[in-house]
> 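Quick one: this structure, given as structure tokens, is what I'll be asking you about.
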Protein chains: 2
Amino acid sequence: MDSGTGRGSGRPARQADIAAAAGVSQTTVSLVLAGNRDGVRLSETTRQRVLKAAEKLGYVPDPVATRLASSRNHMLGVYTFASAFPTDVDGFYYPILVGVEEEAAALGQDLVLFTGTGGADARAHDRTAIRRTRVTDGCLFFGRHIPEEPIDWLLGSGFPLVYIGRRDELDGRIPFAGVDYVTASGAVVDRLIAQGHRSLRYLRENDDAPSSTDRETGVLDAVRRAGLPTAKVVVRREADDVGPDLVGGWRQAGVTALIVEETDTGSLAKALIAAIDAAGLSCPDDLSLAVLGRSPALPEASGFEVPRRELGRRAVRLLVDQITTAPGKRPTVQELLPCRPITGTTIGPVPG
Amino acid sequence: MDSGTGRGSGRPARQADIAAAAGVSQTTVSLVLAGNRDGVRLSETTRQRVLKAAEKLGYVPDPVATRLASSRNHMLGVYTFASAFPTDVDGFYYPILVGVEEEAAALGQDLVLFTGTGGADARAHDRTAIRRTRVTDGCLFFGRHIPEEPIDWLLGSGFPLVYIGRRDELDGRIPFAGVDYVTASGAVVDRLIAQGHRSLRYLRENDDAPSSTDRETGVLDAVRRAGLPTAKVVVRREADDVGPDLVGGWRQAGVTALIVEETDTGSLAKALIAAIDAAGLSCPDDLSLAVLGRSPALPEASGFEVPRRELGRRAVRLLVDQITTAPGKRPTVQELLPCRPITGTTIGPVPG
DNA sequence: CTGAAAGCGCTTACAG
DNA sequence: CTGAAAGCGCTTACAG
């Protein structure tokens with residue numbers, strides 16, 4: 001009831017209240033509270049009077065009004081085109097989100113999670129859904145697939161955004177923080193070849209997201225570097241079609257090393273690991289196995305670790321950079337992060 | 001460049017643009033777009049004209065302006081007084097967040113994660129930090145400890161909020177969705193006693209959060225119901241002070257059953273489990289063990305499971321209920337959810 | 001050094 | 001059935 005304490009007064013104090021209390025204009029209050037903007041000089045007496053009144057009234061700026069009037073509200077959006085986020089507890093995306101949260105906190109930004117955006121249904125991601133992101137100063141997007149039209153529209157309107165994951169759509173105009181799957185995958189294959197393997201198979205999903213095609217590129221590059229034939233290396237397969245017979249057939253054909261990609265669903269790597277087991281084989285004694293990305297189904301598998309947390313942090317930093325750069329001179333920043341190799345226990349010399 | 005497509009036009013369309021295109025006033029546009037508010041009747045011709053223009057311009061309402069002018073923007077806040085959220089990947093709070101996200105999506109609400117609020121430092125949770133929550137229509141709070149003043153202030157200003165976890169501060173005026181630890185803990189002890197145990201110890205943290213005191217209450221109630229002495233049952237201990245000697249001492253004294261609380265840090269249960277192991281004992285052969293809440297260190301332990309995901313969902317529902325109820329007639333809703341018992345493998349008959 | 005005024009994009013009485 | 005006007009709480013030229 002005592003508005004002097006700011007408690008129970010029913011209505012939070014606004015600048016006009018401070019102005020009345022301090023006997024100055026609301027403009028002056030705004031100026032004082034905004035700190036020292038260049039070119040503006042306030043008498044110390046006024047400053048103190050305003051500050052004291054603000055303190056007494058328990059003033060805190062209204063973030064909504066601030067956002068409407070200026071163009072910053074220190075809120076960053078997070079919008080996903082992937083399913084299973086963040087509902088899936090063991091989800092692929094959670095570590096990324098953790099990184100996003102950490103860096104956002106470090107930079108004094110709050111996060112807006114746009115919900116109901118997890119459906120794989122691209123029709124849900126229309127302009128209406130996506131324009132919600134404009135409450136924020138800028139937005140992070142992710143998911144294996146991207147609806148180009150709404151992103152193009154946001155980009156065209158000068159809204160700062162950063163994609164998490166490499167993207168080459170829209171003539172390379174999409175800023176992103178991604179992962180260098182090409183190099184990491186190539187290094188894994190190099191290692192296999194150094195162990196003497198000459199006949200290998202790369203099992204991948206039948207899905208052309210950049211993270212999949214980049215892994216394939218890395219694998220094939222390495223195979224070529226070794227002077228080996230690439231023809232039969234790549235095998236596209238659904239997780240449901242991966243069984244012991246597939247693995248058995250490969251062995252018959254003299255294959256000694258298997259490589260599999262670990263993506264956001266994780267189902268393919270899991271299926272292969274199960275199939276190897278079901279075929280009564282063990283790694284690396286019977287067969288070497290490499291997983292491109294760490295699989296929860298076999299964490300000790302050899303391969304590499306996707307720097308998901310760092311990816312989140314990096315994306316936030318790039319986004320804030322954009323936000324704080326004048327729209328005219330924003331370069332389209334595209335960055336790839338290196339992966340940490342995992343020695344693991346599933347790669348060994350060629351058996352026999 | 002063609003503003004008719006809404007692409008590349010530089011500036012998103014607003015109601016004024018639609019008004020100009022349709023040859024009506026901006027008010028009319030607002031009215032049409034708001035749907036049929038009672039008492040307002042628009043001619044079908046006008047409606048169609050406005051709708052078509054809006055479609056053509058790719059209009060999407062600006063949530064910030066909407067929020068400032070009205071009082072809803074379909075954003076819910078999440079603010080935590082606990083540390084390790086959501087940074088800790090195996091965090092206690094993540095399943096709650098998942099529930100929050102699910103229900104928010106179901107109810108068409110976006111989520112604002114207030115960051116930098118995870119510090120245990122209560123001084124950070126001042127009015128300024130907390131008033132940020134007012135960008136949203138209402139806010140969820142959690143954490144074992146609560147700074148009363150800012151919450152009192154928000155409550156007093158009529159801002160809808162729901163605490164996640166039982167709270168009795170502020171004369172019971174804090175709405176919450178909590179967990180019925182009393183009943184769940186009592187049931188666990190009942191089970192121990194039914195197995196013949198007569199001498200038990202309840203190990204708890206030295207921290208008086210409601211979730212801890214409620215567990216203790218449940219334990220002691222059950223002990224009393226069985227007509228056993230309560231004197232030595234409760235033991236307060238830091239995780240660092242729990243070792244094999246403590247467990248050994250209890251056995252010497254004839255204790256046959258141990259109960260430990262699993263809280264957000266999880267350190268105490270983990271320490272006890274390690275201590276039992278280090279003492280060369282196994283459960284339930286040498287000793288029965290119950291964990292009040294599932295411990296990641298021993299998921300198969302007997303006890304109960306805190307319905308964290310459901311807790312999140314429930315809290316969102318209560319919050320939205322509040323938001324959609326006129327400020328005058330909002331009851332202070334306080335709900336407790338039941339826990340799911342875990343049979344587990346660590347409770348057995350009294351040895352020997 | 002300070003204030004009056006316009007404006008951010010909406011909603012909501014209030015008039016016609 | 002529709003429009004002119006005020007207002008939400010700020011920021012930002014623009015005058016003095």
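Sequence lines set the chain letters: A, B, ... in the order given, protein chains first and strands last, and positions in each chain run from 1.
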> Where each pair must be Watson-Crick or G-U wobble with both distances under 3.5 Å, what dot-bracket representation of DNA chain C is obtained, with crossing pairs in [ ] and other-strand partners as |?
|||.||||||||.|||
> Please confirm whether any donor atom in the side chain of S25(B) sits under 3.5 Å from an acceptor in the base of dA4(D), or the reverse.
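For S25(B), whose side chain was compared with the base of dA4(D), there is no donor-acceptor pair (under 3.5 Å).
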> Using the 3.5 Å cut-off, write out each protein N or O paired with an N or O of nucleotides 6-9 of chain D and the distance between them.
residue: dC8(D); atom: O2; partner: L68(B); partner atom: O; Å: 3.4
residue: dC8(D); atom: O2; partner: A69(B); partner atom: N; Å: 3.3
residue: dG9(D); atom: OP2; partner: R14(A); partner atom: NH1; Å: 2.8

> Round to the nearest Å and state the distance from R47(B) atom CZ to dT2(D) atom P.
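Between P of dT2(D) and CZ of R47(B): 11 Å.
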> State which residues pass salt bridge (Lys or Arg N to Asp or Glu O under 4.0 Å) with D168(A); sequence neighbours excluded, sorted by chain then number.
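Once residues adjacent in sequence are excluded, the partners of D168(A) under the salt bridge (Lys or Arg N to Asp or Glu O under 4.0 Å) criterion are R166(A).
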> What is the distance from CG of L31(A) to C1' of dT12(D), rounded to the nearest Å?
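Value for this atom pair: 9 Å.
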> Look up atom NE2 in H74(B) and atom CZ in R67(B), then write down how far apart they are to the nearest 0.5 Å.
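CZ of R67(B) is found 10.5 Å from NE2 of H74(B).
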> What is the distance, rounded to the nearest whole Å, between atom CZ of R49(A) and atom P of dC1(C)?
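One finds 14 Å between P of dC1(C) and CZ of R49(A), rounded.
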> Using a 3.5 Å distance criterion without hydrogens, assess whether the side chain of Q334(A) forms a donor-acceptor pair with backbone atoms of I174(A).
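Present.
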> Within the structure, does a side-chain N or O atom of T46(A) lie under 4.0 Å from either OP1 or OP2 of dT2(C)?
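Yes, T46(A) has a side-chain N/O under 4.0 Å of OP1/OP2 on dT2(C).
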> Rounded to the nearest 0.5 Å, what separates atom CD1 in I96(A) from atom CD1 in I164(A)?
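Going from CD1 on I96(A) over to CD1 on I164(A), the span is 6.0 Å.
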> Strictly under 3.5 Å: I want the nitrogen or oxygen pairs between protein and nucleotides 14-16 of chain D, one per line.
none

> Could you check I146(B), D152(B), I151(B) and say which one makes a side-chain contact (heavy atoms from CB on, under 4.5 Å) with E169(B)?
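Testing E169(B) for a side-chain contact (heavy atoms from CB on, under 4.5 Å) against I146(B), D152(B), I151(B) leaves exactly one candidate, I146(B).
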> Does dT12(C) have OP1 or OP2 sitting under 4.0 Å from an N or O in the side chain of S30(B)?
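Answer is no, no contact under 4.0 Å.
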> Looking only at atom types and distance, does a side-chain atom of Y163(B) sit under 3.5 Å from a main-chain N or O of G143(B), one as donor and one as acceptor?
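Answer holds: yes.
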> Pair up each side-chain donor or acceptor in residues 15-23 of chain B with any protein partner under 3.5 Å, not counting sequence neighbours, and list the distances.
residue: Q15(B); atom: OE1; partner: Q26(B); partner atom: NE2; Å: 2.7
residue: D17(B); atom: OD2; partner: R11(B); partner atom: NH1; Å: 2.9
residue: D17(B); atom: OD2; partner: R14(B); partner atom: N; Å: 2.9

> At under 4.0 Å, does any side-chain N or O of T28(A) touch on OP1 or OP2 of dG3(C)?
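Answer is yes, contact under 4.0 Å.
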> Could you tell me whether the side chain of Q109(A) and the main chain of L107(A) form a donor-acceptor pair under 3.5 Å?
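At least one qualifying donor-acceptor pair exists.
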> Excluding sequence neighbours, so at least two apart, what forms ring-ring contact (aromatic ring centres under 6.0 Å, His included) with F141(B)?
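With sequence neighbours excluded, F141(B) shows a ring-ring contact (aromatic ring centres under 6.0 Å, His included) to Y79(B), F81(B), given in chain and number order.
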> Could you tell me if the side chain of L76(A) sits less than 4.5 Å from the side chain of V316(A), heavy atoms only?
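They are in side-chain contact.
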